[in-house]
Amino acid sequence: MINAAAYFGNLVTRSISTQSTEVRQSIKSEILDWARSNYFSQPDMSTKWSPVYIQSNLIRLTAFYVSHMNQLNELSVREKQTLALWIEPMLRYQEGKEKNGSDDSWAASGVALMAWGSVMEDQTLVKKGMEQWAEALPYLLDATDNLKRQVSHKGVPLKHLSLEDEYNLTMAHIVEGAVILENLGISDIFSVQLNDKKLIDAIE
């Protein structure tokens, strides 16, 4: 599933970076095939890993894709609806803590909800995503200059997930969410402070 999500990310990146209309149309056809197949819209929640995290990647990537294609006027109303019908069942998993309790996953879900809510003009979804994103901030700021294990990852061996990787993974989603919020007109996000630590301090 991780490889599949990475492949999907590559499709979106190629579509955004190419100047060729023909290439974009070919990629669009493949992305719409993913949507029509309902790929991963109903994940197996009995697994030990985090299928909700994979979903969050698919949602935010699709949001970026829709936003870009809208700017180019290369996505029809029906095509956008096809993508929306694919993403819609995933949203309820992003709003819950089942298989989604770690700070990095919760931040990723927040970003996914904000991104999708933005392109669908759903302010309720944007607000929900912002709240989830903000809940992951205390771990990140508290662990700045003092790396520590997330509560939900207690017992995870360092050889499977180092403190640095855990911190940086959370950082990636927090920064991504901050940029989305700035793009939505919410200023001074990088100056958010907790116990004398600001987000910009964590980044530095």
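Treat the numbers as computed from the prediction; the structure is a model and nothing was measured.
Closest heavy-atom contact between Ala202 and Leu141: CB-CD2, 4.2 Å. Residues Met114 and Leu181 come closest through the heavy atom pair SD-CD2, 3.4 Å. In terms of heavy atoms, Ala112 sits closest to Arg60 at CA-CB, 4.2 Å. Nearest heavy atoms, Ile174 versus Ala136: CD1-CB, 3.9 Å. Across Thr62 and Trp116, no two heavy atoms sit closer than the pair CG2-CZ3, 3.8 Å. Across every non-hydrogen atom of Ile59 and Gln94, the tightest pair is CD1-CG, 3.5 Å.
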Next item on the list: Check the pair Phe40, Met1 against side chain to side chain contact (heavy atoms under 4.5 Å, CB included), reporting the backbone distance first and the verdict last.
Entry: CA-CA 9 Å; Phe40 220 58; Met1 296 303 102; 3.4 Å; yes
Next item on the list: Apply side chain to side chain contact (heavy atoms under 4.5 Å, CB included) to Val179 and Phe190, showing your working.
Entry: CA-CA 9 Å; Val179 171; Phe190 287 92; 4.1 Å; yes
Notebook entry, point to check: Can you list the steps and then say if Asp103 with Leu140 is a side chain to side chain contact (heavy atoms under 4.5 Å, CB included)?
Noted result: CA-CA 9 Å; Asp103 289 303; Leu140 186 77; over 6 Å; no
Next item on the list: Show your reasoning for whether side chain to side chain contact (heavy atoms under 4.5 Å, CB included) applies to Asp142 and Lys197.
Entry: CA-CA 8 Å; Asp142 189 47; Lys197 291 286 180 64; over 6 Å; no
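Considering only heavy atoms from C-beta on, Thr21 stays 4.5 Å or farther from Leu72 through its side chain.
When the shell of 6.0 Å around CG of Asn73 is examined, it contains 12 or fewer heavy atoms from other residues, nucleotides or ligands. Counting non-hydrogen atoms of neighbouring residues, nucleotides and ligands closer than 6.0 angstrom, the NZ atom of Lys28 exceeds 12 such neighbours. Atom NZ of Lys97 has more than 12 neighbouring heavy atoms from other residues, nucleotides or ligands inside a 6.0 Å radius. The number of heavy-atom neighbours closer than 6.0 Å to CG of Asn146, taken from other residues, nucleotides and ligands shown, is above 12.
Counting only distance, with no hydrogens or angles, the side chain of Arg149 and the backbone of Gly155 share no donor-acceptor pair below 3.5 Å. A distance-only check finds no donor-acceptor pair linking the side chain of Glu74 to the backbone of Gln25 [under 3.5 Å]. Side-chain atoms of Asp165 never come within 3.5 Å of backbone atoms of Leu161 as a donor-acceptor pair (strictly under, hydrogens ignored). Listed for the Ser17 side chain is a donor-acceptor partner under 3.5 Å among the backbone atoms of Arg14. Checking side-chain atoms of Thr170 against main-chain N and O of Glu166 turns up a donor-acceptor pair under 3.5 Å.
With ring centers used as reference points, Trp34 lies 6.0 Å or more from Tyr65.
Atom OG of residue Ser26 and atom CD of residue Glu30 lie 7.0 Å apart, to the nearest 0.5 angstrom. Atom OH in Tyr139 sits 9.5 Å away from atom NZ in Lys148 (nearest 0.5 Å). Here the OG-CG distance, from Ser152 to Asp104, works out to 7.0 Å after rounding to the nearest 0.5 Å. Note that the CG atom of Asn183 and the CD1 atom of Ile189 stand 11.0 Å from one another [nearest 0.5 Å]. Of the inter-residue distances, the one linking Leu125 atom CG with Glu95 atom CD reads 6.0 Å to the nearest 0.5 angstrom. With rounding to the nearest 0.5 Å, the separation of NZ in Lys128 from CD in Gln123 is 16.0 Å.
With salt bridges taken as basic N to acidic carboxylate O contacts below 4.0 Å, one links Asp33 and Arg36.
Tyr39 and Val66 fall within the same hydrophobic cluster, defined by Ile, Leu, Val, Met, Phe, Trp and Tyr side-chain heavy atoms under 4.5 Å apart, directly or through other members. Both Ile203 and Leu163 are part of a single hydrophobic cluster, where members link through side-chain heavy atoms under 4.5 Å apart. Transitive grouping of hydrophobic side chains (ILVMFWY, heavy atoms separated by less than 4.5 Å) keeps Leu85 and Met69 in distinct clusters. Criterion: ILVMFWY side-chain heavy atoms under 4.5 Å apart, direct or through other members. Under it, Leu113 and Val175 are not part of a common hydrophobic cluster. Residues Val119 and Phe8 are members of one and the same hydrophobic cluster, defined by side-chain heavy-atom contacts under 4.5 angstrom among Ile, Leu, Val, Met, Phe, Trp and Tyr.
Applying side-chain contact (heavy atoms from CB on, under 4.5 Å) to Pro51 and the options Met90, Met45, Gln42 leaves one that passes, Met45. Tested against Tyr53 for a side-chain contact (heavy atoms from CB on, under 4.5 Å), the candidates Ser109, Ser105, Pro43 yield a single pass: Ser105.
Donor-acceptor pairing under 3.5 Å is lacking for the side chains of Trp106 and Gln132.
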